[in-house]
Student: 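Structure provided below as structure tokens; questions to follow.
Quantities reported herein were computed from a predicted structural model and do not represent experimental measurements.
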Amino acid sequence: MLLLALVGMVGCTAADPLIGNADDPHVDLVWMALQRGDLEAAYRGVEAMEDQGLAWRAELDLLSAREGRGSALRAALADGRAWLAARYDASVLRADRRLAEVLGREPEHSLALIERARRAPETGVARARAADAERQGGHALEAALITFEALLAAGDLVEAGALLERIEALGDGLAVPAMPSARVRLQRRRWDAATGRLHAAGEGVVADLEAGVAVPASLALLESVLTSVPMPALASRARTALRRPTRGAGMERARLRLLARLEAAAGNPTRALEHFDELGVLLPAEEALARRWAVQLERGGARTPDERIDLAPDRTSSAELFGRRVTHAWNLAARETYVEAVEDGVHLDLDAFTARLDEAAAVIPGRPALAGLPRNDFGFFGQMLETLPLREHLPGALVVCGKGLGLPADIACFDVESARRVDLPEPVGSYDQVFVRRPQVLGFVASQGGRIAGAGLDRTVYLDLDQVENGTRVREILGTRVLLPADDAPLDDALSEGARDLLEPLDCARRLREAAWADASESGRADSPEVLARVLDALALHEEQHIVDFQVFMSRGAGGKLLSVLSAGLSPKSVRAEIERRAQLNALRTCLDPRLPLAQCVDVLPVEGPAGPSEHAAGTARLLAQRLALLQEGGWEGAVPLTELGLDPERPLVQQLHRLEPETVRALALAIPD
């Protein structure tokens, strides 16, 4: 009844019709082609555009897809197009200032209004700015789509649905016949899914496939629908549509992935494996699926809990299935508390949190209890459960649960791949280094979309192999390792506030990684074993420093602990930022290739925004600022003039860090105080 009322309300909403632009179909074609990875089709869309501003923007979007954001930014600056430079500026705040200046001179610059709405820091601001752009006219469809995305993100489904109807009515009377809009169709499928109309969402994506206007995001949505709700007839129709090859590397990969999953669900694991073979590089989740299908065909022994569940003669009594049921119940209950923490500001203490998880799992006979487990109390830093007793019930799993400084109580659980004991000098002693895969329960940060590749907690460091391999393999899949252009073209003064400016790193992080990959292996591939080993080495040393800092802190008396906290800052965020700075400094000093953790530092730039940076970003940005100061002042062992290092002292140094040799990168880290 609620859904019927929702649809009725949408249908009754009246508003002025949107006014189309003759180039809307060409903009849509370029968007669809870029989403698919079909650059040739994108070029054709650019050539057909009549609006010169739209054509310039599309050309730079293509350049960004080929060579990176920094190249597009340079090209916009070279042509003196401030509104386009704002599209690619790393700094949201500086982009907004740039756009405000343009609109101060040309208040009717409709594309600048569109860019200002697109780069708004929050959904409410985006809606207000998009409304201004729509009233200005000229590009009403783009403004309406920005508003729709903001409404959908805010959960305003009724208003979003009403706007979507206005968008879908656009197209009558255009000078160029409108093609079926891939962007608008995708938003309709998302709205259908968000309002619980899963069959409509699935049917819509299959129709888009048949019409040739689906994009990878459409197929990801269809995969979620068909793996959540059994729809045999729709799945069969989707398989038929997916058997036709598509254009664009990204779209072809999405097609093969979904086709493989649907073939496996239909009882054809051999065909599924054949489609995965066509993918080439597999992500960890895809690799796990391929192994399960191979085990079903008796092409290898079961190694993981999921594979053993598949082969168990009596699955209902399987120990692995019992563990999956327990962790599934914990995960659902934990996610509920995270939503309360984010939306309502309700932070349960550890007692209430574990009680809720135990209650969620109470229907499972023999389930382990969390509330009665021993605790390690770390005073200022929080509490953690001693989860070793859980191994009796959940063998092969790593469970971490606690409440940290200024954070909600949370829990995470992974399958253990391997573990080893690491010995360090006193007062630290030893700790366990655990390699994990397949998260079964998401911690708070991961539940909010954060990518946690590892953590150092008490006397355990865990490293998530799936996350690390995702990061390296995605770069190979997307083909982002391309020849970058020369980086010595000057930038205008508006982008630089001096040699220590941190607001625009350009492509420095990418260049640092590529140099490290090239030195690590003959192939230079990001997914090679040698590169993976170096990435894990840097990550492990970062997390190890957390263990060291924590154990040293705990060994101090009350006065020493107070002094440590005061030196790091009075707020929990300041303390966590300092902890992250020290951990990344250790990785820079001691890992096999210091350019990899340096690239991670550059990745977080610029650190800004109304909500403030994350603790990790704030800490690593502070570390980077210390490096630039030393570099400019010559304050490291073996220092030489910047020009001898190939650096231009008049340009922002953060844009040139990839020119430093690894020994110089390490020497700078060694010169930074702890």
Side-chain angles (χ1 to χ4, degrees), residues 1-15 123-124 126-127 144-169 180-211 213-239 241-242 254 257-258 261-262 265 325 328-344 346 356 360 363 441-442 446-449:
M1 292 298 292
L2 177 61
L3 183 58
L4 290 173
L6 176 65
V7 175
M9 289 174 67
V10 170
C12 294
T13 302
T123 57
R127 289 173 60 181
L145 285 169
I146 292 170
T147 303
F148 175 83
E149 291 173 2
L151 290 168
L152 199 63
D156 295 335
L157 300 180
V158 173
E159 193 175 346
L163 177 58
L164 189 56
E165 287 192 354
R166 293 176 63 213
I167 292 171
E168 289 171 329
S181 172
R183 290 180 298 170
V184 175
R185 287 185 177 217
L186 175 59
Q187 301 300 10
R188 167 58 68 183
R189 313 312 169 218
R190 286 174 168 164
W191 187 87
D192 284 340
T195 54
R197 304 174 70 246
L198 297 184
H199 194 275
E203 284 241 359
V205 175
V206 174
D208 297 342
L209 266 170
E210 293 167 341
V213 292
V215 293
S218 313
L219 300 193
L221 177 60
L222 182 59
E223 181 176 342
S224 297
V225 169
L226 292 179
T227 54
S228 301
V229 182
M231 301 180 192
L234 186 60
S236 176
R237 185 176 150 202
R239 289 204 309 278
L242 287 164
R257 172 190 163 86
L258 180 53
R261 294 213 65 180
L262 295 180
R325 290 181 64 198
H328 179 67
W330 286 347
N331 189 48
L332 291 177
R335 294 289 288 268
E336 181 183 350
T337 69
Y338 304 155
V339 170
E340 292 174 0
V342 172
E343 296 184 356
D344 305 323
V346 177
R356 180 175 289 187
V363 296
V441 184
L442 292 180
S447 75
Q448 304 306 301

Student: Using only atom types and a distance under 3.5 Å, with no angle test, would you say the side chain of Ser228 pairs donor to acceptor with the backbone of Ser224?
Tutor: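 Checked: pair present.
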Student: Side-chain contact test, heavy atoms from C-beta onward, threshold under 4.5 Å: evaluate it for Leu242 versus Arg239 and give yes or no.
Tutor: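 The answer is no, as the side chains (C-beta and beyond) never meet within the 4.5 Å cut-off.
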Student: Checking Arg127 now: which residues fulfil salt bridge (Lys or Arg N to Asp or Glu O under 4.0 Å) with it, not counting sequence neighbours?
Tutor: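 Scan of Arg127 (salt bridge (Lys or Arg N to Asp or Glu O under 4.0 Å), adjacent residues dropped) gives Asp156, Glu159.
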Student: Roughly how far, to the nearest 0.5 Å, is CZ of Arg325 from CH2 of Trp330?
Tutor: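 That separation rounds to 13.5 Å.
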Student: Between CH2 of Trp191 and CG of Leu157, what distance do you get to the nearest 0.5 Å?
Tutor: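 Trp191 CH2 to Leu157 CG: 7.5 Å, rounded to 0.5 Å.
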Student: Measure the spacing between CG of Leu226 and CG of Leu221 and express it to the nearest 0.5 Å.
Tutor: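 Between atom CG of Leu226 and atom CG of Leu221 there are 9.5 Å.
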Student: Return the minimal non-hydrogen interatomic distance between Leu222 and Ala238, and the atom names on each side.
Tutor: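 Looks like CD2-CB, 4.2 Å.
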Student: Could you check Leu151 against Thr123 for side-chain contact (heavy atoms from CB on, under 4.5 Å), going step by step and ending with a plain yes or no?
Tutor: CA-CA 7 Å; Leu151 290 168; Thr123 57; over 6 Å; no
Student: In chain order, what residues pass the salt bridge (Lys or Arg N to Asp or Glu O under 4.0 Å) check against Arg189, with sequence neighbours excluded?
Tutor: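 With sequence neighbours excluded, Arg189 shows a salt bridge (Lys or Arg N to Asp or Glu O under 4.0 Å) to Asp208, given in chain and number order.
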Student: Between Ser236 and Ala233 (side chain of the first, backbone of the second, donor and acceptor by atom type, cut-off under 3.5 Å), is there such a pair?
Tutor: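 No, Ser236 side chain to Ala233 backbone: no donor-acceptor pair under 3.5 Å.
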Student: For a quick test of reading the model, state the closest non-hydrogen atom pair linking Leu234 to Glu203 and the distance between them.
Tutor: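 Closest approach of Leu234 to Glu203: CD2-N, 3.7 Å.
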Student: Passes side-chain contact (heavy atoms from CB on, under 4.5 Å), Arg188 versus Glu165? Steps please.
Tutor: CA-CA 9 Å; Arg188 167 58 68 183; Glu165 287 192 354; 4.2 Å; yes
Student: Roughly how far apart are Ser181 OG and Leu145 CG, rounded to 0.5 Å?
Tutor: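 Separation between the atoms: 7.0 Å.
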Student: Under a 4.5 Å cut-off applied to non-hydrogen side-chain atoms, are Met231 and Leu198 in contact?
Tutor: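 They are in contact (side-chain heavy atoms under 4.5 Å apart), so the answer is yes.
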Student: Sorted by first residue and then second, give each salt bridge (Lys or Arg N to Asp or Glu O under 4.0 Å) pair with at least one member in residues 218-230; sequence neighbours left out.
Tutor: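 Every salt bridge (Lys or Arg N to Asp or Glu O under 4.0 Å) pair that includes a residue of residues 218-230, provided the two are not neighbours, is Glu223-Arg257, Glu223-Arg261.
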Student: Between the side chains of Arg356 and Glu340, is the shortest nitrogen-to-carboxylate-oxygen separation below 4.0 Å, so that they form an ion pair?
Tutor: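 Yes, Glu340 and Arg356 are salt-bridged.
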Student: Return the minimal non-hydrogen interatomic distance between Ala150 and Ala126, and the atom names on each side.
Tutor: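 Looking at all heavy atoms of both residues, the shortest contact is CB-CB, 4.4 Å.
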Student: List for me each residue that meets side-chain contact (heavy atoms from CB on, under 4.5 Å) alongside Asn331, sequence neighbours excluded, and say none if there are none.
Tutor: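 Expected list: Arg335, Val441, Leu442.
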Student: Tell me every residue that passes side-chain contact (heavy atoms from CB on, under 4.5 Å) with Val342, counting only those two or more places apart in sequence or in another chain.
Tutor: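 Result, side-chain contact (heavy atoms from CB on, under 4.5 Å) vs Val342: Phe444, Gln448.
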Student: To check you understand the geometry: which heavy-atom pair defines the closest contact between Ala194 and Leu152, and what is its length?
Tutor: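 Closest approach of Ala194 to Leu152, heavy atoms only: CB-CD1, 4.2 Å.
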Student: Starting at CD1 of Ile167, measure out to CZ of Phe148 and round the result to the nearest 0.5 Å.
Tutor: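 That separation rounds to 7.0 Å.
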Student: Are the side chains of Glu168 and Arg185 in contact, using a 4.5 Å heavy-atom criterion?
Tutor: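 Answer no - side chains too far apart.
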Student: Between Ala333 and Ala360, what is the shortest heavy-atom contact and its length?
Tutor: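 Scanning both residues completely, I find the closest heavy atoms to be CB-CB, 3.6 Å.
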Student: Mind checking what makes side-chain contact (heavy atoms from CB on, under 4.5 Å) contact with Ala207, not counting sequence neighbours?
Tutor: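 With sequence neighbours excluded, Ala207 shows a side-chain contact (heavy atoms from CB on, under 4.5 Å) to Arg237, given in chain and number order.
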Student: Kindly compute the distance separating CD (Glu149) from CG (Leu163), expressed to the nearest 0.5 Å.
Tutor: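 That separation rounds to 10.5 Å.
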